[in-house]
Number of protein chains: 4
Amino acid sequence: MKKKKNIIQAATRLFAEQGYDGTTTLQIAGEAGVTEPLIYYHFKGKEELFSHILEVTFHEYFSRLDSLEKMTGTQFKRIEALLDLHFRFVKEMPDEIYMGVSTCPARLRDPKHACSKITQHQSERLMAYLRDCLEKGIRSGEFYKVPVSETVEFLIALIYGLMRQRGLHLLEKEGMQEVTVDFCRRSLVKGR
Amino acid sequence: MKKKKNIIQAATRLFAEQGYDGTTTLQIAGEAGVTEPLIYYHFKGKEELFSHILEVTFHEYFSRLDSLEKMTGTQFKRIEALLDLHFRFVKEMPDEIYMGVSTCPARLRDPKHACSKITQHQSERLMAYLRDCLEKGIRSGEFYKVPVSETVEFLIALIYGLMRQRGLHLLEKEGMQEVTVDFCRRSLVKGR
Amino acid sequence: MKKKKNIIQAATRLFAEQGYDGTTTLQIAGEAGVTEPLIYYHFKGKEELFSHILEVTFHEYFSRLDSLEKMTGTQFKRIEALLDLHFRFVKEMPDEIYMGVSTCPARLRDPKHACSKITQHQSERLMAYLRDCLEKGIRSGEFYKVPVSETVEFLIALIYGLMRQRGLHLLEKEGMQEVTVDFCRRSLVKGR
Amino acid sequence: MKKKKNIIQAATRLFAEQGYDGTTTLQIAGEAGVTEPLIYYHFKGKEELFSHILEVTFHEYFSRLDSLEKMTGTQFKRIEALLDLHFRFVKEMPDEIYMGVSTCPARLRDPKHACSKITQHQSERLMAYLRDCLEKGIRSGEFYKVPVSETVEFLIALIYGLMRQRGLHLLEKEGMQEVTVDFCRRSLVKGR
DNA sequence: CATGAATGAGCGTTCATTCAT
DNA sequence: AATGAATGAACGCTCATTCAT
């Protein structure tokens, strides 16, 4: 069973680094220290191996989102918590995240594909969460009167951008999270 | 010579949609309405075709950045112009942008690769531009006293996130640009 | 493992008949009764398959040369034994020999290439052996006083010519070996 | 018309260096400083270009053989003249010779092929010439009583071996011709 | 659980050759 | 006489996958 884990780990790193199409089953087997057929013993194929990793990752992700939803406090605290969740997540499992973020659009748009459903679901959850925060915050006077839909979309783009950058390890300033939170606070919260 | 253009156009769209590794030269030829060897008559190989598109695109991009640098006005006007440049660019040539944005990290990190040098250069230009705006804006009292490096990185992540989203055509609210500009203004500009 | 042998045998015959560049991997696979990719399972590529055959052949060749070197007797007996070795060798494995003899000069001169090193080595061994025979034979008065270097080179050319002719099966007189030995004897050995 | 010559020269060198299959029409055009289609303007194709060179070369070769046949003197003088012809020839046009010598057996054995006929013819001429020398020399008592057929074949192999070595420029002792002639004289001519 | 041997399908690429000009 | 553009056919090779053991 340790070998199955090796396969998953190797696959995750390679998918993240080289993309799905750029990674061969031989490479995965090599990095995992096993032979190719073992991959087919544990998974139906390359595609299923990929989906498996995606599902496990998003399962963890969604369960974290779940606990977030029970949170109380000001609406901005809730947004701050969402940002915190993502910063933590990408720090803990950067390969998994990057693998998800970098999946190619063709796969994302094919509705039959596992990727499509999962990222669709993620998008919807994020949108619902943010929309809820914004609407409540505006109604209560905590936030400025920003256009909700557009701001939701803006924040999602922001989160994606940050995930990608972190996942790529291209730039890694330490104070990023604080700066991000402050930036959003100034833009959203009235009379700080 | 029309056929060469066809090849480039087809390649751009397919690379954007399916990634480099997911796109075959046969597909490109098919979409371009030519035979495969013609690709090799005009380009040294798949890799060079890819690089060529990248270079042409970034050449246009950099020449737009050049004209931006001559701009005067408040520092926020300059940032607004940078955002406008990107919004326009992705609207005019979404495939080219997405092709660039979605290149796999392995290719991005290999320093011998054309991708690497170009995106590196882009990053540096963006950083220099934004750093200049922020430093001048803070010094003149136009902006809040935000940490410069981190805010630069934050804004780059934001721009990447928006490019990706626009390129993917996943969400396309009309008022996005205005909302983006306003969001940043509230966060940066003092006493509006 | 029988299939690997088939590949080697088929390749040897085809390389000998058609040359390296004139032989396709598909032909080899066809003649060997296997599919093309199996060649790549057992060998890194066409080049390595070729080198492998060359190395195995020359390994056998050199080991025969080794036993020759331990021989005693008159110097002409030693030369006779060398001719015998080559006549036997080309009779036992004509394809292997011809494959080696007919390799194209470009490959022979590229010092990075396996061919180059092996044939270089063969040349040196042959030269050393013949030079030794001639020098000793001349010193002891067994041979005429012939110019050593040139005669060595002459004998090597002769051996190559005979190998080629035998390998090609162009002309196959039975008494060739005897005639060859006698011809050389009359030219070298004094007072027969 | 200078360009046609360029093509022929380039082709000759490349065919000699890399073999027929190892040489591409693009290479030939490149070396000749012309474009590929011009080759097809002057020749029906690669094959005909090759045959053309072969024929021109052998035409010259045969015309030299012709003048040899008119020669008088001792039989060994005639053999000496034959060796001289070959030494001269390979010195004057080494590429042409090597191109002929290194043609692959498949092409040599296909009776429909130009190569086949020409080399066949060459073989026959050489054999007839040498057979004539030997028979007359033996009958007149000039030569030892050697087996004619086998000695003819032996001498042809020797000539091929020397041609190859000279063509390859692998070893180039100056006194080779003299040593060769002397070697043969000692073996053939009685009571020197 | 695990593997060595094997394959069908398809990849990027190159070839000799042709055609319109 | 000469060429830029284009192609059908085939090449060496790699892929994800399977099967017998």
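In what follows, every heavy atom counts, from backbone to side chain, and hydrogens, waters and symmetry copies are set aside.
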- Query: Is any side-chain nitrogen or oxygen of B:Tyr40 closer than 4.0 Å to OP1 or OP2 of E:dT14?
  - Reply: no
- Query: Below 4.0 angstrom from OP1 or OP2 of E:dC1, is there any side-chain N or O of A:His42?
  - Reply: no
- Query: Is there a side-chain contact between B:Arg164 and A:Arg164 (heavy atoms, below 4.5 Å)?
  - Reply: no
- Note on the structure: Numerically ordered, the residues 3-22 of chain B set in heavy-atom contact under 4.0 Å with DNA chain E is none
- Item | B:Lys44 NZ to E:dG12 P, straight-line distance once rounded to whole Å | 18 Å
- Listed in order of residue number, which residues of residues 45-55 of chain C have a non-hydrogen atom at under 4.0 Å from DNA chain E? none
- Query: In which ranges does DNA chain E form stems of 3 or more consecutive Watson-Crick or G-U pairs, distances under 3.5 Å?
  - Reply: E:2-21 with F:2-21
- Query: CD1 of B:Ile28 versus C1' of E:dG12: gap in Å, rounded?
  - Reply: 11 Å
- Within 45° of the axis and under 6.0 Å from the centre of the six-membered ring of C:Tyr41, does NZ or CZ of C:Lys4 qualify? no
- Grab the CD1-P distance between B:Ile39 and E:dG12 for me, whole Å please. 9 Å
- Message: Rounded to whole Å, how long is the line connecting atom OH of A:Tyr41 with atom C1' of E:dG4?
- Response: 18 Å
Could you list the donor-acceptor pairs under 3.5 angstrom formed by side chains in residues 45-53 of chain D, with sequence neighbours left out?
residue	atom	partner	partner atom	Å
D:Lys46	NZ	D:Tyr20	O	3.1
D:Lys46	NZ	D:Thr23	O	2.7
D:Glu47	OE1	D:Tyr20	OH	3.2
D:Glu47	OE2	D:His113	NE2	2.3
D:Glu48	OE1	D:Lys44	N	3.1
D:Ser51	OG	D:Glu47	O	3.0

- Provide, to the nearest angstrom, the distance between the CG atom belonging to A:Leu38 and the P atom belonging to E:dG4. 11 Å
Report all interatomic pairs (protein N or O, nucleotide N or O of nucleotides 8-10 of chain F) with separations under 3.5 Å.
none

- Task: Tell me, please, which residues at least two apart from C:Ser102 pass side-chain contact (heavy atoms from CB on, under 4.5 Å).
- Result: C:Tyr98
